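Scroll down for the structure; my scribbles are underneath it.
Computed over heavy atoms, backbone and side chain alike; hydrogens, waters and symmetry mates excluded. For reference, positions follow the sequence shown, starting with 1. Since we're looking at a predicted model, the values are computed, not measured.
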Amino acid sequence: MMRTRPLKVALLGCGVVGSEVTRIMTTHADDLAQRIGAPVELVGIAVRRPDRVREGVPQELITTDATALVKRGDIDVVIEVIGGIEPARSLITTAFEHGAGVVSANKALLAQDGAALHAAAERHGVDLYYEAAVAGAIPLVRPLRESLAGDRVNRVLGIVNGTTNFILDKMDSSGAGYSEALDEATALGYAEADPTADVEGFDAAAKAAILAGIAFHTRVRLDDVHREGMTEVTAADFASAKQMGCTIKLLAICERAADGKSVSARVHPAMIPLTHPLASVREAYNAVFIEADAAGQLMFYGPGAGGAPTASAVLGDLVAVCRNKVAEATGPGESAYTRLPVSAMGEVVTRYHISLDVADKPGVLAQVATVFAEHGVSIDTVRQQGKDGEASLVVVTHRATDAALSATVEALRKLDTVRDVASIMRVEGE
């Protein structure tokens, strides 16, 4: 039997995502009510600029006093899509204190203060859901938190930023340089005027922290995630990748150590074989590859950003939180029972592609190989080309720690025959 009293919803933020949330709640109100078991009513929308024209958004719901809105006491669910740390954090905790569950798309806040927010939600007996914080419409949080709750996840490997994937895809397909590809992404609206958060990996790092925490049942904060941007990736790197049968992607990688005693989380550009499913992810799409003991290999693919896709994830969480309200229950909260340490990047083991500019004379390859051997880094393949006294030497290693590789590179730089270490890139997806 459907409950007649509506569940009241407050919306914080009404930009691209918030406007889509409002539209869907209005146009699909009857369907949402049937799925939830009670009608839902949007009773207030907090914004910073009340005079801005928002097509399809009821003006009578607009307010600039977000704090008063979440303090009303009759709000069942607060949807937060304003982003940033403050005032989002204070508004969310205030909503908890007044008995409201929260649906958030705020990756930065959850990566930084997720543990404290989960604790506050549990303390007040309400829900905190955030599917939209990780990859837009792609369902990842709920599958990891619920569908795979009985399995052991060992690795999460993914493309979780559409802007960077678009840029790298254009560099790969057209031979364009980074700046040219970024200009195209900006013109098409895929890149912000200031693309730093995307191209330097901050956005992906926040998502990696969230995914690692859920996958490994341990607390992983943004500061625990090793981060490298993609601004130094060149057309020459793509040419080298193609010679290896690879392409280059900016990856978020969360791994459980082989002995199961630690985890790691990192974001950086990497070469991946063209045979790997992630290699075929084009344009601004996202995809995440999950490896688990019993389930094996799973891949989730789709649009990772944008108003409608993100709103889809928000509405999915809204339905879940509202159902819990009707049932007078709460959904799963934080699971951090393993308390595993997060390894520093120097301890992480991976493969490497190193391009060296060297003197074109006998004995250079032997000198380089000796340096690798002295630092315990095993060489998989070597490719050398020389002309007019100069040569390029490309070395692909077997798996080694980042610390060992860094020491190797420092030693290589001291060789008289090594003119320059032109590029270093990790190789993933074996």
Under the salt bridge (charged side-chain N to carboxylate O under 4.0 Å, His left out) test, residues paired with [X] that sit two or more places apart:
{"X": "Glu428", "value": "Arg155, Arg266"}
{"X": "Glu97", "value": "none"}
{"X": "Arg23", "value": "Glu20"}
{"X": "Asp293", "value": "Arg152"}

With sequence neighbours left out, which residue pairs that include part of [range] fulfil the salt bridge (charged side-chain N to carboxylate O under 4.0 Å, His left out) condition?
{"range": "residues 302-316", "answer": "none"}
{"range": "residues 49-69", "answer": "none"}
{"range": "residues 325-336", "answer": "Arg219-Glu334"}

Pair listing, ring-ring contact (aromatic ring centres under 6.0 Å, His included) test, anchored in [range], at least two apart:
{"range": "residues 18-74", "answer": "none"}
{"range": "residues 250-276", "answer": "His276-Phe289"}
{"range": "residues 295-319", "answer": "Tyr285-Tyr301"}

Determine yes or no for a side-chain-to-main-chain donor-acceptor pair under 3.5 angstrom, with [X] supplying the side chain and [Y] the backbone.
{"X": "Glu131", "Y": "Leu140", "answer": "yes"}
{"X": "Thr163", "Y": "Tyr190", "answer": "yes"}
{"X": "Ser19", "Y": "Val16", "answer": "no"}
{"X": "Thr93", "Y": "Ser90", "answer": "yes"}
{"X": "Thr218", "Y": "Ala336", "answer": "no"}
{"X": "Ser312", "Y": "Ala308", "answer": "no"}
{"X": "Asp357", "Y": "Arg419", "answer": "no"}
{"X": "Asn165", "Y": "Glu283", "answer": "yes"}
{"X": "Asp224", "Y": "Arg221", "answer": "yes"}

Pair [X] + [Y], salt bridge at N-O below 4.0 Å:
{"X": "Glu180", "Y": "Lys170", "result": "no"}
{"X": "Glu228", "Y": "Arg426", "result": "yes"}
{"X": "Lys8", "Y": "Asp74", "result": "yes"}

Thr401: which residues meet the side-chain contact (heavy atoms from CB on, under 4.5 Å) condition with it, sequence neighbours left out? Val349, Ala403, Ala404
Quick check on [X]: does its [atom1] atom have over 12 non-hydrogen neighbours (other residues, nucleotides or ligands) under 6.0 Å away?
{"X": "Lys242", "atom1": "NZ", "answer": "yes"}
{"X": "Glu192", "atom1": "CD", "answer": "no"}
{"X": "Arg413", "atom1": "CZ", "answer": "yes"}

Within 45° cone of Tyr129 ring axis and under 6.0 Å: Arg145 NZ or CZ: yes
Looking at Phe96, I'd like to know if the NZ or CZ of Arg123 sits under 6.0 Å from its six-membered ring centre while staying within 45 degrees of the ring's axis. no
Judged by modelled atom types alone, do [X] and [Y] share a side-chain donor-acceptor pair under 3.5 Å?
{"X": "Thr164", "Y": "Asp198", "value": "no"}
{"X": "Ser335", "Y": "His217", "value": "yes"}
{"X": "Gln243", "Y": "Arg383", "value": "yes"}
{"X": "Thr234", "Y": "Asp237", "value": "yes"}

Heavy atoms, side chains only, cut-off 4.5 Å: are [X] and [Y] in contact?
{"X": "Asp402", "Y": "Glu347", "value": "no"}
{"X": "Val288", "Y": "Ile159", "value": "no"}
{"X": "Val225", "Y": "Lys207", "value": "no"}
{"X": "Ser378", "Y": "Thr397", "value": "no"}
{"X": "Leu168", "Y": "Tyr178", "value": "no"}
{"X": "Thr67", "Y": "Leu91", "value": "yes"}
{"X": "Leu278", "Y": "Leu251", "value": "yes"}
{"X": "Val409", "Y": "Ile424", "value": "yes"}

Between Val9 and Glu41, does the side chain to side chain contact (heavy atoms under 4.5 Å, CB included) criterion hold? Intermediate values first, please. CA-CA 6 Å; Val9 178; Glu41 179 185 1; over 6 Å; no
Atom pairs and distances, donor-acceptor, side-chain atoms in residues 98-108, under 3.5 Å, two or more places apart:
residue : atom : partner : partner atom : Å
His98   : ND1  : Thr94   : O            : 3.0
Ser104  : OG   : Glu80   : OE1          : 2.6
Ser104  : OG   : Asn106  : N            : 3.0
Asn106  : OD1  : Leu109  : N            : 3.0
Asn106  : ND2  : Glu80   : OE2          : 3.4
Asn106  : ND2  : Gly84   : O            : 2.6
Lys107  : NZ   : Asp203  : OD1          : 3.2

Step-by-step side chain to side chain contact (heavy atoms under 4.5 Å, CB included) determination, Leu110 to Leu117: CA-CA 8 Å; Leu110 288 157; Leu117 292 174; 4.2 Å; yes
Could you give the distance from OG1 (Thr408) to CZ (Phe372), rounded to the nearest 0.5 Å? 6.0 Å
Find the distance between CE (Met244) and CG (Asp380) and round it off to the nearest 0.5 Å. 8.0 Å
Under the criterion side chain to side chain contact (heavy atoms under 4.5 Å, CB included), I'd like the reasoning laid out for Ile24 against Val21: C-alpha separation, chi angles, the key distance, then a yes or no. CA-CA 5 Å; Ile24 295 171; Val21 168; over 6 Å; no
Only one of Asn324, Val326, Leu318, Val319 passes side chain to side chain contact (heavy atoms under 4.5 Å, CB included) with Cys322; say which it is. Leu318
When Phe216 is tested against each of Val263, Leu211, Asn154 for side chain to side chain contact (heavy atoms under 4.5 Å, CB included), which residue passes? Val263
Dump the intermediate steps for side chain to side chain contact (heavy atoms under 4.5 Å, CB included) on Arg227 and Phe202, then the final yes or no. CA-CA 7 Å; Arg227 177 193 55 79; Phe202 290 100; 3.4 Å; yes
Please find the pair of heavy atoms, one from Val281 and one from Ala287, that lie closest to each other, and give the distance. CG2-CB, 3.5 Å
